[in-house]
Novice: 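Okay, handing you the structure first.
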Amino acid sequence: MDVRFPTDPRAARQAQEQLRSRVCLSPLPGWPELVAGLDCAFREKGRQIVGAAVVMDRRTRRTVAEKTLWLETPFPYVPGLLSFREGPVLYELVQALRPQPELLMFDGQGIAHPARLGIAAHLGVLLDIPSVGVAKSRLYGVAEEPGTAAGSWTSLHGREGELGVLLRTRERVRAVYVSPGHRCSIDDARRLVLDWSLGWRLPHPLHLADRLSRRDRTASAGVSGKMSQQIP
DNA sequence: GCGACAG
DNA sequence: ATCTTGTCGC
Ligand SMILES: [Mg+2]
């Protein structure tokens with residue numbers, strides 16, 4: 001399939017308007033057995049980007065696949081257009097993943113976005129895989145501060161309605177912004193993230209993808225386009 | 001016009 | 001995101 005990511009802000013915003021109608025918030029088809037965490041890191045003053053994917057099994061809680069991919073950074077960081085910067089490398093990465101995950105977790109917003117198309121919603125639609133966005137800070141929408149207990153949450157909403165939740169994944173950590181990406185409801189997104197929150201502020205697959213991307217940034221003498229994979 | 005502003 | 005050591009608090 002010929003998926004194109006615009007290289008300029010103008011075209012990017014037009015693409016968002018074109019894609020937003022394809023986002024679906026139906027409940028998850030089933031509780032996902034294989035969940036992937038996706039994140040990125042940079043080097044060379046941001047000129048190169050590395051995407052990292054960690055696939056985990058819900059039953060064993062073990063990592064079943066890891067993969068990284070380097071590319072030339074295609075887009076600058078512009079609030080609201082993050083998916084055009086980190087999306088291209090993560091899109092390629094997910095397509096090359098084996099086994100294919102049943103759900104994708106992104107380090108960023110899902111529909112809690114001015115165009116309802118944060119990176120989780122955008123990539124979820126392009127790949128047609130259920131997805132969830134988990135952001136460490138707010139981009140769009142408002143929410144009250146949740147209680148201090150792990151699992152406490154409050155509703156995140158915009159003028160158009162409910163967008164997600166502000167969730168306290170653990171005690172004594174700052175709450176995270178959870179919103180569905182594609183083919184997932186707000187309730188399922190919250191339950192999914194909490195179910196994978198054990199030990200860290202971010203759900204395990206995302207925590208590991210974050211570590212993997214930064215590790216590769218230093219360790220790899222990676223040439224752009226190089227892909228690596230290990231199966232622990 | 002003035003702030004806000006995922007990573 | 002990245003630049004970067006020690007330091008404050010438990
Ligand atoms: Mg990140």
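We name chains A, B, ... by the order of the sequence lines, and we start the count at 1 in each one.
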Novice: Calculate the interatomic distance between A/Lys45 atom NZ and C/dT4 atom P; express it in whole Å.
Specialist: 11 Å
Novice: What are the two closest heavy atoms between A/Pro29 and A/Pro130, and how far apart are they?
Specialist: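 Looking at all heavy atoms of both residues, the shortest contact is CD-CG, 4.2 Å.
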Novice: Identify whether any heavy atom of A/Ala112 sits under 4.0 Å from a base atom; if not, whether one sits that close to sugar-phosphate; answer base, sugar-phosphate or nothing.
Specialist: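 If one applies the 4.0 Å heavy-atom cut-off, A/Ala112 turns out to touch nothing in the nucleic acid.
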Novice: Salt-bridge test for A/Asp195 and A/Arg61: reply yes if a basic N is under 4.0 Å from a carboxylate O, no otherwise.
Specialist: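 The answer is yes: the pair qualifies as a salt bridge.
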Novice: I'd like to know if A/Glu145 and A/Arg168 make a salt bridge, using a cut-off of under 4.0 Å between side-chain N and carboxylate O.
Specialist: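 A salt bridge links A/Glu145 with A/Arg168.
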Novice: Looking only at heavy atoms, what is the nearest atom pair of A/Ile111 and A/Glu162, with distance?
Specialist: CD1-O, 4.4 Å
Novice: Along nucleotides 2-7 of chain B, 5' to 3', which nucleotides get a B, which get an S, and which get a -, given that the test is a protein heavy-atom distance under 4.0 Å?
Specialist: --SBBB
Novice: Please determine if a side-chain N or O atom of A/Arg217 lies less than 4.0 Å away from the OP1 or OP2 oxygen of C/dT2.
Specialist: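 Yes, A/Arg217 has a side-chain N/O under 4.0 Å of OP1/OP2 on C/dT2.
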Novice: Could you point out which residue of A/Ile119, A/Thr68, A/Val50, A/Val89 forms a side chain to side chain contact (heavy atoms under 4.5 Å, CB included) with A/Cys40?
Specialist: A/Val89
Novice: May I ask you to check if A/Arg43 and A/Trp70 form a cation-pi contact, with NZ or CZ under 6.0 angstrom from the six-membered ring centre and within 45° of the axis?
Specialist: yes
Novice: Quick one: stems involving DNA chain C, counted as three or more successive Watson-Crick or G-U pairs, both distances short of 3.5 Å.
Specialist: none
Novice: Whole Å only: how far is the CG atom of A/Leu38 from the P atom of C/dA1?
Specialist: 15 Å
Novice: For A/Arg58 and A/Val35, run side-chain contact (heavy atoms from CB on, under 4.5 Å): C-alpha distance rounded to whole Å, both residues' side-chain angles, the deciding distance at 0.1 Å, then the answer.
Specialist: CA-CA 7 Å; A/Arg58 174 60 180 79; A/Val35 176; 5.7 Å; no
Novice: Ignoring hydrogens, what is the shortest heavy-atom contact between A/Arg59 and A/Asp57? Give both atom names and the distance.
Specialist: N-OD1, 2.7 Å
Novice: Identify the two heavy atoms, one from A/Leu90 and one from A/Ala52, that lie closest to each other, and give their separation to 0.1 Å.
Specialist: CD2-N, 4.2 Å
Novice: Considering all heavy atoms of both residues, which atom of A/Gly141 and which atom of A/Leu156 are nearest to each other, and what is their separation?
Specialist: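 In terms of heavy atoms, the two residues are closest at C-CD1, 3.6 Å.
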Novice: Round to a whole Å and report the spacing from CD of A/Gln48 to P of C/dA1.
Specialist: 18 Å
Novice: Under the ring-ring contact (aromatic ring centres under 6.0 Å, His included) definition, can you give me all pairs with a residue in residues 124-182 of chain A, not counting sequence neighbours?
Specialist: none
Novice: Dot-bracket, DNA chain B: Watson-Crick or G-U, under 3.5 angstrom, [ ] crossing, | other strand?
Specialist: .......
Novice: Could I get a table of every N or O pair under 3.5 Å where one atom is in the protein and the other is in nucleotides 8-10 of chain C?
Specialist:
none

Novice: Base, sugar-phosphate, or nothing for A/Arg214, non-hydrogen atoms under 4.0 angstrom?
Specialist: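 Touches sugar-phosphate only.
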Novice: Can you list everything that forms a ring pair (Phe, Tyr, Trp, His ring centres under 6.0 Å) with A/Phe84? Sequence neighbours excluded, please.
Specialist: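 Testing A/Phe84 for ring pair (Phe, Tyr, Trp, His ring centres under 6.0 Å), a comparison that skips the adjacent residues, returns A/Phe75, A/His122.
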Novice: Could you check whether A/Asp39 pairs with A/Arg214 (Lys NZ or Arg NE/NH1/NH2 to Asp/Glu carboxylate O, under 4.0 Å)?
Specialist: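 Looking at A/Asp39 and A/Arg214, the cut-off is not met.
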